[in-house]
Amino acid sequence: MRRLTHEQISSVRCPTCGVATGKRCVLVAGGLRDEPHGTRKSLAAETVGKKRKKESHAALLARLRKEIAKPNLTKSVREKSTAEDLAEWNVS
Ligand SMILES: [Zn+2]
């Protein structure tokens, strides 16, 4: 697997600690982690891979909207989302 840059990894939200894009992973006890969480690396790899396969921006947005529309996810996803994320997802 190709090694991702910190920039690529930080371009996705961390599924484990929930930090926003562009922020470093945090420890549960508080403070910054030296390394991003494994799940974040996986997600970043997936995202980068999909970009390489040229998933269109519109398709990605449609998928995210579908995800966010799931009843079980809606609340937590919305709570964890930043205004910036929501603004981006609302772009048509
Ligand atoms: Zn994390």
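In listed order, ligands and their atoms are each counted from 1. Index from 1, following the sequence.
Put simply, the side chain of Arg40 never gets that close to the backbone of Thr16: no donor and acceptor are under 3.5 Å apart.
Closest of all the heavy-atom pairs between Ala45 and Leu4 is N-CD1, 3.4 Å.
In this structure, the separation between NZ on Lys23 and SG on Cys17 is 11.0 Å, given to the nearest 0.5 Å. Atom CD1 of Ile9 sits about 11.0 Å away from atom OG1 of Thr47, to the nearest 0.5 Å.
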Side chain to side chain contact (heavy atoms under 4.5 Å, CB included) assessment of His6 paired with Arg24: CA-CA 9 Å; His6 276 276; Arg24 281 171 63 186; over 6 Å; no
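Within the protein, the N, O or S atoms sitting under 2.8 Å from the Zn ion (ligand 1) are Cys14 SG, Cys17 SG, Cys25 SG, His37 ND1.
Take Arg33 and apply the side chain to side chain donor-acceptor pair (under 3.5 Å) test, not counting sequence neighbours, and it matches His37.
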